[in-house]
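The structure under discussion appears below in the form of structure tokens.
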Amino acid sequence: MSYTVIARRWRPQKLDEVIGQRAVTQTLRNAMSSGRVAQAFVFAGPRGVGKTTTARILARMLNCANGPTADPCGTCDPCREIAEGRDMDVLEIDAATHTGIDNVREVIISGLAIVPVRDKYKIFIIDEVHQLSASSFNALLKSIEEPPPHVTFIMATTALDKIPETIASRSQVFEFKTISSRAIGDQLKKIAVADGITASDEAIALVARAAEGSMRDAETAFDQVLAFAGNTVGVEDVATVLGLVGRDLLFDVLTAVADENGAAAFELAGRAVEAGYDLRLLCRELARLVRDLLVLSIDETRFTDTDIAPEQDHERLKLLLPRFSREDLLRAFDVLARAESEIKGAAEPRYHLEMALLRWIHLRKLTPLSDLIEQLQGRSPAAAPPPRVAAAPPTHRQSAPAPPPFSAPSAAAPSVAASSSSATVARRVVRETSRPPIAPPRSTPPPPAVAPERSAAPPSQPAGAGGSVKDTYLEEIRKARGAFYGSVVAQAQRIEFESDRIVFRFTDAQKFQADQVWQNKDWLEKLALQVAGRRLAVAAESVRAETSARAATSPGASADQVKQEASLKAEALASPTVQALLGIFAADITDVTELKKKS
């Protein structure tokens, strides 16, 4: 006894049964009801979305014993024979086989003048019409434009761009779209119920997503799974038969990355290899899940879209969503797309997958640019100006010394900033560095001239204990406020732990970072009390500009040159653009060159 596959048994017989193509079916129905039926149609779209099926339904609508009608009876001889593909007046031609002009003349053109044997219309359904040669298309031009009244052409193709404009302009073109996973899943559930099959929602969803919008592919895959699993289908059966990656593994990988757990990432990569998954497919599915998270982070109303967030995944998506910033997801998509490409020709695909996951974990440690921008926006003129270091001395700590003035060199800045007319550009202003949290001093301060060597050591903090307390203190800052740590603390030139205070030293250009330290002074002191077990005052102080010091000590520099260089640097420091760059990057001004305007 022969078995008829699901895709053929469940082929739609009426327009209402065509899934996911409402624009096409509604247009054809209205055209048939109003008697405005064209002589030639082009049905274009991806595979398995209903092009040939709709062509047969249109043929039944035209040749039904009760027709032409939008609702063929399905019981008359023309309806049954067309559905079975044996109606003598409806010719289905495979253009891939009849490519040449001689075939077109013999099969199509020579028979146009002959009236239908029984039906009302002689209908030519040309499948894969883009396979015809250019001469064949040219031979059909006249017939398609002005066929006999009893002839209708229906052409189906998956490559609309290969159809000559001369053919498309003489036909009504209907573009079929891919079918949503939800619609495919609903149809598979309907089939399962009708056939007495027990299938879990996760299994149905996995088959629907794997079909990528093709109903025929979904029904064929479902048939294949039923042959393996019988009448009870689980998600493991689907993953095993179709080689698909289970959703649990995908969510486990994202959780490991969110936890920054490299060991778990290695273990999950090994699990994927042992399960026999195609690692390229794994990267593709991870990229798809990352894309879904990004869509949900932008528009949370898309949780109702089952193509983005299947109902069974809602809880896990809601847990993961706040753990990834949009920058994380964008970077992750690039990493995964690159890994998929690299794995294609790799001798050891597993290594590339593992390195991609570790790279993803590492990239998550970068401070989001939006956080830095928000901090910079706090410096805009419209916002409340941050308290200046010199104007905000601590008032509630008697033992803390008053902060020294934190400003640019006072001699040249006011006059130069007000009167300069030449274009001054700070060259090599930004020199991005991967400076560790505790930056070493740029120049070794000269030892005291009188004090003995032992007295030149740090004032009172023991070296071993101070180092551990300092490291712990900085680590606590990083854990509590990662953005503050990356944009302020890590930019400090030196961080000194003294007997009764902690001093963050910045260059003259790093006013923003110094202001941030003073604004967060109370929190920093409270944290220092928790870590060190005693009260430590927090201060931000300036270090002398290296350029001035170097210029002053240069034997060949004259007094005017030193003064001019200091003036140019002061002018560069006064530029809002330069200050914004210094606020973002760990950099300082090492040299300033004046560019003359072109006359």
Side-chain angles (χ1 to χ4, degrees), residues 181 202 205-206 209 244-272 277 279-343 352-377 475 477-487 490 584:
S181 297
E202 292 80 2
L206 195 57
R209 290 173 68 92
L244 303 179
V245 181
R247 299 284 284 180
D248 289 339
L249 178 61
L250 300 179
F251 281 107
D252 289 344
V253 171
L254 259 70
T255 303
V257 174
D259 294 338
E260 299 183 2
N261 188 344
F266 278 112
E267 181 184 353
L268 291 169
R271 190 196 304 175
Y277 291 135
L279 298 187
R280 291 182 62 199
L281 179 62
L282 176 60
C283 290
R284 196 178 311 149
E285 289 297 322
L286 283 172
R288 183 175 184 171
L289 185 54
V290 166
R291 175 260 179 189
D292 292 346
L293 281 173
L294 184 58
V295 171
L296 294 175
S297 70
I298 295 173
D299 183 5
E300 293 190 359
T301 61
R302 297 295 296 274
F303 266 105
T304 58
D305 187 347
T306 55
D307 286 342
I308 301 295
E311 187 174 354
Q312 61 272 16
D313 294 341
H314 277 190
E315 290 301 323
R316 286 180 288 187
L317 289 172
K318 289 179 179 177
L319 290 175
L320 286 173
L321 191 56
R323 305 188 66 182
F324 290 94
S325 67
R326 293 177 186 175
E327 289 82 359
D328 288 339
L329 297 174
L330 288 171
R331 287 191 289 258
F333 191 88
D334 291 339
V335 169
L336 294 170
R338 179 180 172 186
E340 181 185 352
S341 176
E342 292 175 345
I343 287 174
H352 288 266
L353 174 63
E354 292 171 344
M355 293 305 106
L357 295 179
L358 291 183
R359 191 180 303 121
W360 184 2
I361 292 174
H362 173 72
L363 290 176
R364 277 177 49 80
K365 298 177 181 179
L366 299 180
T367 302
L369 187 59
S370 59
D371 291 352
L372 299 177
I373 293 175
E374 288 178 0
Q375 294 185 18
L376 286 176
Q377 288 175 343
E475 180 63 18
I477 295 176
R478 191 187 69 82
K479 290 180 179 177
R481 298 184 181 180
F484 176 78
Y485 179 86
S487 60
I584 294 175

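Worth saying up front: this structure is predicted, and the values here are computed from it rather than measured. Side-chain atoms are counted along with the backbone in the values below, which use heavy atoms only and exclude waters and symmetry mates.
- For the atom pair CG (L336) and CZ (R291), the distance works out to 14.5 Å, reported to the nearest 0.5 Å.
- The two atoms that bring F303 and H314 nearest to each other are O-NE2, 3.0 Å, heavy atoms only.
- In terms of modelled atom types and a separation under 3.5 Å, the side chain of S341 and the main chain of R338 share no donor-acceptor contact.
- Considering CG of L279 and CD of E354, their distance stands at 9.5 Å, rounded to 0.5 Å.
- Contact check for D259 versus T255: side-chain heavy atoms found under the 4.5 Å cut-off.
- Among all heavy-atom pairs drawn from L296 and L317, the shortest one is CD1-CD1, 4.0 Å.
- Of all heavy-atom pairs between L268 and A256, the closest is CD1-CB, 4.0 Å.
- Smallest separation of non-hydrogen atoms from L282 and A272: CD2-CB, 3.7 Å.
- Contact check for L254 versus L286: side-chain heavy atoms found under the 4.5 Å cut-off.
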| said: Between R316 and D252, is the salt bridge (Lys or Arg N to Asp or Glu O under 4.0 Å) condition met? List the steps. | reply: CA-CA 10 Å; R316 286 180 288 187; D252 289 344; over 6 Å; no
| said: Show, in sequence, the C-alpha distance, side-chain angles and deciding distance for R209 and R288, and conclude whether the side-chain contact (heavy atoms from CB on, under 4.5 Å) test is met. | reply: CA-CA 11 Å; R209 290 173 68 92; R288 183 175 184 171; 3.2 Å; yes
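- Checked for salt-bridge contact, D292 and R302 miss the test: no charged N lies under 4.0 Å from a carboxylate O.
- The minimum heavy-atom distance linking L357 with A265 is given by the pair CD1-O, 3.9 Å.
- In this structure a side-chain-to-backbone donor-acceptor pair under 3.5 Å is present from R326 to S297.
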| After noting the C-alpha distance and the side-chain angles of L358 and F266, does the key distance pass the side-chain contact (heavy atoms from CB on, under 4.5 Å) rule? | CA-CA 9 Å; L358 291 183; F266 278 112; 3.4 Å; yes
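- For the pair L293/F333, no side-chain contact is recorded, criterion being any heavy-atom separation below 4.5 Å from C-beta on.
- Counting non-hydrogen atoms of neighbouring residues, nucleotides and ligands closer than 6.0 angstrom, the CD atom of E300 reaches no more than 12 such neighbours.
- Contact record, L319 with P322: O-CD, 3.5 Å, taken as the closest heavy-atom pair.
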| request: Start with the C-alpha gap between V257 and F324, add the side-chain angles, then the distance that decides, and say whether side-chain contact (heavy atoms from CB on, under 4.5 Å) holds. | output: CA-CA 10 Å; V257 174; F324 290 94; 4.1 Å; yes
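- The CD atom of E327 sits 10.0 Å away from the CG atom of L294 when rounded to the nearest 0.5 Å.
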| message | Assess the residue pair R359 and H362 against the criterion (side-chain contact (heavy atoms from CB on, under 4.5 Å)); give the C-alpha distance rounded to whole Å, side-chain angles, the decisive distance to 0.1 Å, and a yes or no. | response | CA-CA 5 Å; R359 191 180 303 121; H362 173 72; 5.6 Å; no
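- Here R323 contributes atom CZ and E260 contributes atom CD; the two are 9.0 Å apart, rounded to the nearest 0.5 Å.
- If you take CZ on R271 and OH on Y277, they are separated by 9.0 Å, rounding to the nearest 0.5 Å.
- To the nearest 0.5 Å, the span separating CG on L289 from CG on D313 amounts to 8.0 Å.
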